[in-house]
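Structure first, then comments.
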Amino acid sequence: MAKDLSLIRNFSIIAHIDHGKSTLADRILEQTGAVASRDMKEQLLDSMDLERERGITIKLNAVSLSYKAKDGKEYLFNLIDTPGHVDFTYEVSRSLAACEGALLVVDATQGVQAQTLANVYLAIDNDLAILPVINKVDLPSAMPDLVQDEIEKRVGISCEDACLVSAKTGLGVDEVLEKIVKDIPAPKGDPEKPLQALIFDSYYDPYRGVVIMMSVKNGSVKVGDTILLMQSGKEYLVTEVGIRTPSEMKVDSLSAGEVGYLAAQIKDIRDVFPGETVTLKGNPCEAPLPGYRRINPMVYCGLYPVDSKEYGDLKDALEKLCLNDASLHFVPETSQALGFGFRAGFLGLLHMDVIQERLEREYGLNLILTAPSVIYKIVMTNGEVLTIDNPSQLPDLSKVSRIEEPFVEASIMAPSEYVGPIMELCQQRRGTYRDLVYFDDTRVIVKYDLPLSEIIYNFFDKLKSNTRGYASLDYEFKDYRPSDLVKMDILLNGEQIDALSSIVYRPGAYKRGLSIVSRLKNIIPRQQFEVPIQAAIGGKVIARADIKSMRKDVLAKCYGGDISRKKKLLEKQKEGKKRMKAVGSVEVPQEAFMSVLSIEEDN
Amino acid sequence: MNEAPSSLYVHIPFCREICAYCDFPKVIYDKQWVKPYLDSLFLEISSYGGSKYKTIYVGGGTPTSLEDGDFKTLLSFLSPLLEKGGEFSVEANPESLTREKASMMKEAGVNRVSIGMQTSSKRLLSLLGRKHAYEEVEKAVSVLREVGIENINVDWMYALPKESDEEFEEDAKAILALGVPHISAYSLILEEGTLFKSKGIEEEPEDRQAELYERILKILRGAGYRRYEVSNFAKIGHECAHNMVYWRDERYVGCGLGAAGYIANTRYKNTRNLKSYIEGNWLSEKEEVGPKDDMEYFLITNLRLEEGFALDAFQSRFGKDFLSVKKGYYEPLVGKGLLLIEGGRVKPSEKGMLLLDSILRNLI
């Protein structure tokens, strides 16, 4: 039986990292009686280890809660989590499309951050009702009045009714729950219309196949129905539907306004992707729902198993990750140095980091990542235009008329006293100054056009350290511009290593070459023979450093008769070597491949 | 290969002082523990049966830290276990090697003594926590010669913290002046749980260690010593037979606190807890050595010898040809000039000897 739509509220929480989104979600879960507090792990919604460790939310998660409001009625709340980092705009737009409202959580001690703004604008674009929540009001340094003022001025939302809460102590959370009932509209769908449901997440379960997380916009679906995935055209028999509370609970059916999961023995994970519309085969809806604003990967890198036997495992793992991360792209790639692997595209560096860690942790793989690269446009002398995402694909420069690289418009928000260091950093990274706006009396937004290649590595860390952690960054792709770029090759023991090539800014190439070879010299351990490292541009060596051969690697004593101790020691050392890749005759540690980019610390 | 062990190692854990670098099982000398310890030790040794050994080695700790009466009891217990013509070694500290103890050893049939000299430098001795002076080493050597023990080893430690070239040269001169037929030269290794480690002292850089090792090699060879194992140098015919058992991967019984042994296809280690040992709970770990491990142990030990091992010996022990089972592994090492295959033997080259651990990581 269809639920009364007026008793359903679908919402998500928008917040900057560390502003307390997960803690607030936990309090809401507690106070709606969804989970007994003794069963709670800290921050239930962040379920991946990685998310807990980094205090960020990456994967989407949704929970259904029942809340008895002061009007005496029982409401169904669907809380859909959103990630909070600049790399995950696409994921945010996915979760927002499944909601009618959003809680905007702002830290009363820190105020609005650039990232929060970007996500709020996404929510406003999606016509969501926004409910301001000022968190951490219990802290001595809280300035709730100032922060409310700021939200009104900068975000343009009235803060007259803003909730003042402390998610940590639970203060004010009951008021938030009442406001969700009052201020967030009920979903508008019609349970009598043909089924129209939006897939916003999915995961693989070995017993049930692909499990779809979806938001039902119209109609209803029950066990035994045959569903049709509108874009892929695939049909499946529904074996289970349910909601997450947050543990899974089977229900008879899901109907308009509800958010839940669906299993249908879907074997091939490629058949399901976020943004797809689910309808019924026997009674299909007229048109699919508008999908998501699809964001293309900005950063590419090579992913290779250290042990080439793990190539197939890596492929399986990437496919599984793609299931709920449509922003992850990958195609097979072969490197002379590293063997078989994949070229993978990411939204940004954090996204890349997260995927790497998930592959290593959840799938037990041992990986080598090559230095990330942006997509370059190569205009050939014959007018042909190539796009390359791997420096080793750069054609012979004599046939190249120019190389263009992507530029982004970066907005950096920080207290005004840091304008100097921010501008200095942007200048160093070949930025073009655009604008400086005073946000309020103390804070500014600095706008620069920057080559994407200059900010994909370390820029954010550098920015944070230059501003004592106060700056926040948001950027979006602007255009392609010609730049004076060349390919720099690295030779180990006289052999060119394709995976170490990079595309660099010509005027800075010499310095960069020196820096790379000396960095590699420090990272690559001494071998059984001397190894020269050379940086070369167009076959001309511009920098060189030599790794001296190992001179002594033998334990003088052998622990009396305790030979097993010696054997264990050798085995332990051997285990350590497993994280190295034999490139030609040289054993190279994983981090060497990334080191090509980490240059600016040397300045 | 299940032949009966032909060697016996006996550990005496007592020391009058604790040296800053030592991580062997040891306790500060306390008279009340000596008798119970020796009682338990004798029980353990007898538990391996009464057959005789070709070599017996008494190490520590400091065997000569025992009082004369206890020392004599120990030697008298061991003496009948030695085969006629066998090697009977005892480790000694210079300051506790008295004429009385030397005579007791001679009487009990001890025919080889190893003296822990380490260095002749006052600065370095005091850094190591050693209480003797070089003059006591000279005296100990002459006392041994007077009682008729000529087969003497002296331990030499190099690459000590901030050891200068002058200090090194002094040591080389001092060692050679003793004219003993056997010298063990060890670089300082910093182990967890030692005083040095807790003081944050670091090993000398790899290049310095290598340089000093190469100088030792030159000096000792020039003086007529042959390097028969990574750290061991001897005049012809004075190689330590007991240690050769370890390097040839043969069987031996180990008794005493923390001692290790290898019997049939089992390697074992004794407890490092004195109380447990005295209560007769000798054993702490056992490892069954399967065919793969057996081969690895064989390579780890035999390749430490300058002569390496004979391809025939490998074939007869494992029923396999080394050159085929390790083909992809040994060839690059031969190519880099680290491993030699000549005269039917496999052995490390001059350069390979210094990089033995990296060779072994490639081979096992």
Side-chain angles (χ1 to χ4, degrees), chain A residues 306-309 337 339 366 492-495 518 521-532 545-590, chain B residues 7 9 11 23-24 57 59 157-159 184-189 206-207 209-211 213-214 229-231 242-243 245-247 249 252 254 258-262 267-269 285 287 289 293 296-297 300-301 304 332-333 336-338 348 351-362 364:
Chain A
V306 174
D307 180 352
S308 51
K309 289 197 282 293
N366 200 357
L492 287 185
N493 204 23
E495 220 178 304
S518 79
K521 186 185 164 185
N522 290 331
I523 291 176
I524 301 174
R526 291 165 76 166
Q527 315 271 319
Q528 290 168 336
F529 49 91
E530 182 171 291
V531 178
D546 294 329
I547 306 172
K548 282 191 288 177
S549 86
M550 207 169 16
R551 281 193 65 196
K552 183 167 183 283
D553 184 8
V554 59
L555 266 191
K557 67 169 178 179
C558 213
Y559 306 111
D562 190 357
I563 316 288
S564 38
R565 177 163 169 193
K566 167 83 178 172
K567 181 160 176 273
K568 276 182 198 138
L569 191 72
L570 284 170
E571 278 161 1
K572 203 172 138 198
Q573 291 168 344
K574 211 174 152 84
E575 198 55 38
K577 300 257 177 204
K578 273 200 185 150
R579 292 190 70 85
M580 298 215 238
K581 184 89 182 171
V583 176
S585 48
V586 185
E587 281 178 341
V588 183
Q590 290 166 306
Chain B
S7 290
Y9 175 80
H11 192 78
D23 77 325
F24 281 97
Y57 191 104
M157 286 185 94
Y158 65 93
S184 297
Y186 301 106
S187 66
L188 176 69
I189 301 171
E206 178 187 333
D207 286 330
Q209 291 187 29
E211 179 205 331
Y213 181 86
E214 279 160 4
E229 189 265 352
V230 176
S231 310
H242 183 84
N243 280 334
V245 168
Y246 300 153
W247 309 136
D249 198 26
Y252 54 95
Y262 183 20
R267 286 186 183 270
Y268 67 88
K269 254 182 245 182
E285 290 170 39
E287 180 200 355
V289 180
D293 288 330
E296 293 183 356
Y297 276 122
I300 289 172
T301 50
R304 285 185 71 90
L333 295 167
K336 288 174 201 159
L338 298 175
K351 189 180 165 201
M353 201 61 134
L354 263 174
L355 300 180
L356 190 60
D357 287 359
S358 85
I359 292 180
L360 289 170
R361 284 194 299 270
N362 290 149
I364 67 174

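In what follows, chains carry the letters A, B, and so on, assigned in the order in which the sequence lines appear, proteins first and then strands, with residues in each chain numbered from 1. Every heavy atom of this structure was used, including side-chain atoms; hydrogens, water molecules and symmetry mates were not. Here the structure is a predicted model, which means the values were calculated and not measured.
Nearest heavy-atom pair across B/L354 and A/V554 is O-CG1, 3.5 Å. Across all their heavy atoms, B/K269 and A/D562 have their closest contact at CE-OD1, 3.1 Å. Here the closest non-hydrogen pair linking A/D553 and B/S358 is OD2-CB, 3.3 Å. Between A/L555 and B/I189 the shortest heavy-atom distance is CD2-CD1, 3.4 Å. Residues A/K552 and B/E206 come closest through the heavy atom pair N-OE2, 3.2 Å.
Here B/D293 is the residue among B/L360, B/D293, B/V230, B/V245 with the most heavy-atom pairs under 4.5 Å with chain A. Among the candidates B/H11, B/E214, B/H242, B/Q209, the residue making the largest number of heavy-atom pairs closer than 4.5 Å to chain A is B/Q209.
For the atom pair CG (A/L570) and CG (B/L356), the distance works out to 8.5 Å, reported to the nearest 0.5 Å. Rounding to the nearest 0.5 angstrom, the gap separating the CG atom in B/N362 from the CD atom in A/E587 is 7.0 Å. One finds the OH atom of B/Y297 at 8.5 Å from the CD1 atom of A/I563 (value rounded to the nearest 0.5 Å).
The salt bridge (charged side-chain N to carboxylate O under 4.0 Å, His left out) check on B/E287 picks up nothing, with sequence neighbours excluded. With sequence neighbours excluded, the residues satisfying salt bridge (charged side-chain N to carboxylate O under 4.0 Å, His left out) with A/K548 are B/D207.
Contacts of B/R267 with chain A are made by side-chain atoms alone, with heavy-atom separations under 4.5 Å and no backbone atom involved. Contact of A/E571 with chain B is made through the side chain alone, with heavy-atom distances under 4.5 Å. With a 4.5 angstrom heavy-atom cutoff, B/L355 touches chain A via backbone and side-chain atoms both. With a 4.5 angstrom heavy-atom cutoff, B/Y158 touches chain A only via side-chain atoms. Only the side chain of B/L333 has a heavy atom closer than 4.5 Å to any heavy atom of chain A.
Under the 4.5 Å side-chain criterion, counting only non-hydrogen atoms from C-beta, B/K351 is not in contact with A/Q528.
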